[in-house]
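Right, one structure below, let's go through it.
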Amino acid sequence: MDLRPAPEPKRRERPPRLGILRPLRIRDFALLWAGATVSLAGDGVYVVALAWQVYELSNSPTALSIVGVAWTLPVGLFVLVGGVVTDRVERRRVMIAADVVRALAAATIGVLSVTGQIELWHLVALAAVFGTGEAFFGPAFTSIVPQIVPRNLLLEANSLDQFIRPLAFMLVGPALGGWLVATIGPGEAFLLDAGTFLASATAIFLMRPRPLERQSVGASMLREVREGLAFVRARAWLWATLLAAAVFLLAYWGPVEVLVPFRVRNDMGAGADDFGLVLACGGIGSILAALVMAQRGLPRRHITFMYSAWALGSLALVGLGLATAVWQLMAITLVEGALFTSGMVVWGTLVHTHVPAGLLGRVTSLDWFVSTSLVPVSFALTGPTAAWIGVQTTLVAGGVLGCAVTFAFLFVRGVRDTERSGGLALGGSAPTGR
């Protein structure tokens with residue numbers, strides 16, 4: 001008889017109580033988000049610095065509208081190409097290249113601003129370069145997540161996305177950017193942004209390379225775009241949501257990006273630091289919503305919930321038009337951030353669980369292309385519209401239109417099919433190839 005003491009059973013490592021932290025136990029996901037957190041904070045600095053730099057050169061909403069068009073138009077022009085490249089080229093390489101391009105654009109703006117040589121046309125040209133980098137980075141970033149994270153952790157991963165993104169981009173970044181612009185100047189803020197992209201590229205470089213799952217080897221780029229388009233057209237929850245987002249962003253994006261900083265600066269006599277705090281409160285609302293979604297899970301009627309959150313969130317634009325003090329803007333953006341983020345957690349999980357890995361880059365690029373296709377138009381129309389009917393009226397009209405359009409698309413036939421089929425069950429193993 002063996003009288004030796006039985007070995008003690010191995011202790012199972014307990015998962016973090018906060019569901020939102022579980023994906024960070026995966027090394028490459030932690031690296032991905034370490035870099036993303038830094039660069040997103042830099043983006044928050046960039047948004048404040050860009051608005052204030054433009055208004056220092058020309059205190060006109062039309063000027064910022066022109067820069068906004070230059071920034072967002074390349075996204076629409078190149079994002080489909082970015083999606084195909086994402087499904088053809090190892091995604092780490094695509095993201096590193098995009099980070100380097102954006103770092104160069106931001107650094108050039110910073111040097112020109114610090115040396116006092118900056119002109120409006122410089123901002124227009126370099127914003128276009130910056131937008132081109134975004135067109136390639138976005139699809140690659142979204143597509144690599146299901147390659148790293150198992151299916152049963154995708155909800156937590158998307159909740160973490162919607163936690164860190166506002167924490168960095170809407171809270172830390174704008175607050176830091178507002179302080180930098182107010183105390184030092186916009187040029188230094190742009191240089192800081194450039195450094196954050198280099199930090200992101202370094203973190204991504206340290207990740208393990210992952211092979212791609214190709215579904216159509218040797219196919220032409222046009223054919224691959226058509227395959228992604230066919231997949232989207234066959235699913236109402238996809239194409240209807242993208243079209244709804246396109247019209248919504250037409251009504252919303254230009255007014256909120258151009259006219260809110262104009263109101264802070266001109267109607268309320270506040271500074272860049274106050275504008276940064278307005279954006280930061282939106283980040284706080286988003287963070288709280290992401291934490292709640294990660295703990296409570298997805299609602300059973302997830303599509304209805306998603307559309308309702310976005311529709312109600314769009315009404316915040318009405319409040320931003322009617323507010324008379326900075327603290328009111330802060331309270332409104334807090335609620336707005338919570339509503340938009342709640343919907344985005346559902347949307348990200350839908351895409352990651354319903355789109356095959358080999359199509360994810362193209363479908364994601366179509367998401368960017370369709371939903372943001374009218375954003376340059378929104379920027380182009382905002383300045384002239386505000387000059388015609390007034391800044392506050394433009395904001396109110398945009399909020400009402402965005403709410404009405406979003407609710408209307410909820411009733412398109414087939415949009416809520418995944419609710420009826422229980423199509424967001426996240427248990428089980430990851431799909432083949434992920």
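These figures come from a predicted structure and were not determined experimentally.
- The ring pair (Phe, Tyr, Trp, His ring centres under 6.0 Å) search around F141 returns W33, F137, not counting sequence neighbours.
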Ring pair (Phe, Tyr, Trp, His ring centres under 6.0 Å) between Y46 and F190, worked out: CA-CA 6 Å; Y46 177 85; F190 286 119; 5.7 Å; yes
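- Shown here is R27, whose CZ atom has more than 12 heavy atoms of other residues, nucleotides or ligands within 6.0 Å.
- Using a 4.5 Å heavy-atom threshold, the side chains of L104 and V129 count as separate.
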CA sep, side-chain torsions, deciding dist, call: H354, T418, side-chain hydrogen bond (donor to acceptor under 3.5 Å, both in side chains): CA-CA 10 Å; H354 283 68; T418 61; 5.4 Å; no
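- For the pair R265 and W52, the cation sits on the ring face: its NZ or CZ lies under 6.0 Å from the ring centre, inside 45° of the axis.
- Once rounded to the nearest 0.5 Å, the distance linking CG of L50 with CD1 of I109 reads 6.5 Å.
- Taking CG from L250 and OG from S378, the interatomic distance works out to 5.5 Å, rounded to the nearest 0.5 Å.
- Atom CZ of F29 and atom CD of E156 lie 10.0 Å apart (nearest 0.5 Å).
- For S113, the side chain to side chain donor-acceptor pair (under 3.5 Å) partners at least two apart in sequence or on another chain are Q53.
- Taking each heavy atom of A323 and L329 in turn, the nearest pair found is CB-CD2, 3.6 Å.
- Here W310 pairs with nothing under the ring pair (Phe, Tyr, Trp, His ring centres under 6.0 Å) rule; sequence neighbours left out.
- Take F169 and apply the ring pair (Phe, Tyr, Trp, His ring centres under 6.0 Å) test, not counting sequence neighbours, and it matches no residue.
- Of the possible donor and acceptor atoms, one in the side chain of R263 sits under 3.5 Å from a partner among the backbone N and O of L320.
- With hydrogens and angles ignored, the 3.5 Å screen pairs a side-chain donor or acceptor of T202 with a backbone N or O of L198.
- Scored by the ring pair (Phe, Tyr, Trp, His ring centres under 6.0 Å) test, F340 finds F248, Y252 as partners (sequence neighbours excluded).
- The backbone N or O of G337 sits less than 3.5 Å from a side-chain atom of S286, completing a donor-acceptor pair.
- The stretch residues 66-83 participates, sequence neighbours left out, in these side chain to side chain donor-acceptor pair (under 3.5 Å) pairs: W71-E134.
- At distances below 3.5 Å, at least one donor-acceptor pair connects side-chain atoms of T333 with backbone N or O atoms of V278.
- Counting only distance, with no hydrogens or angles, the side chain of D99 and the backbone of I96 share no donor-acceptor pair below 3.5 Å.
- Taken from CD1 in I332 to CE in M330, the straight-line distance is 11.5 Å, to the nearest 0.5 Å.
- One finds the CE atom of M207 at 9.0 Å from the CD atom of Q147 (value rounded to the nearest 0.5 Å).
- E419 CD to W237 CH2: the interatomic distance, rounded to the nearest 0.5 Å, is 13.0 Å.
- When ring centroids are compared, F197 and F130 come within the 6.0 Å threshold.
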Residues Y307, V415; criterion side chain to side chain contact (heavy atoms under 4.5 Å, CB included); working and verdict: CA-CA 10 Å; Y307 272 76; V415 163; 4.0 Å; yes
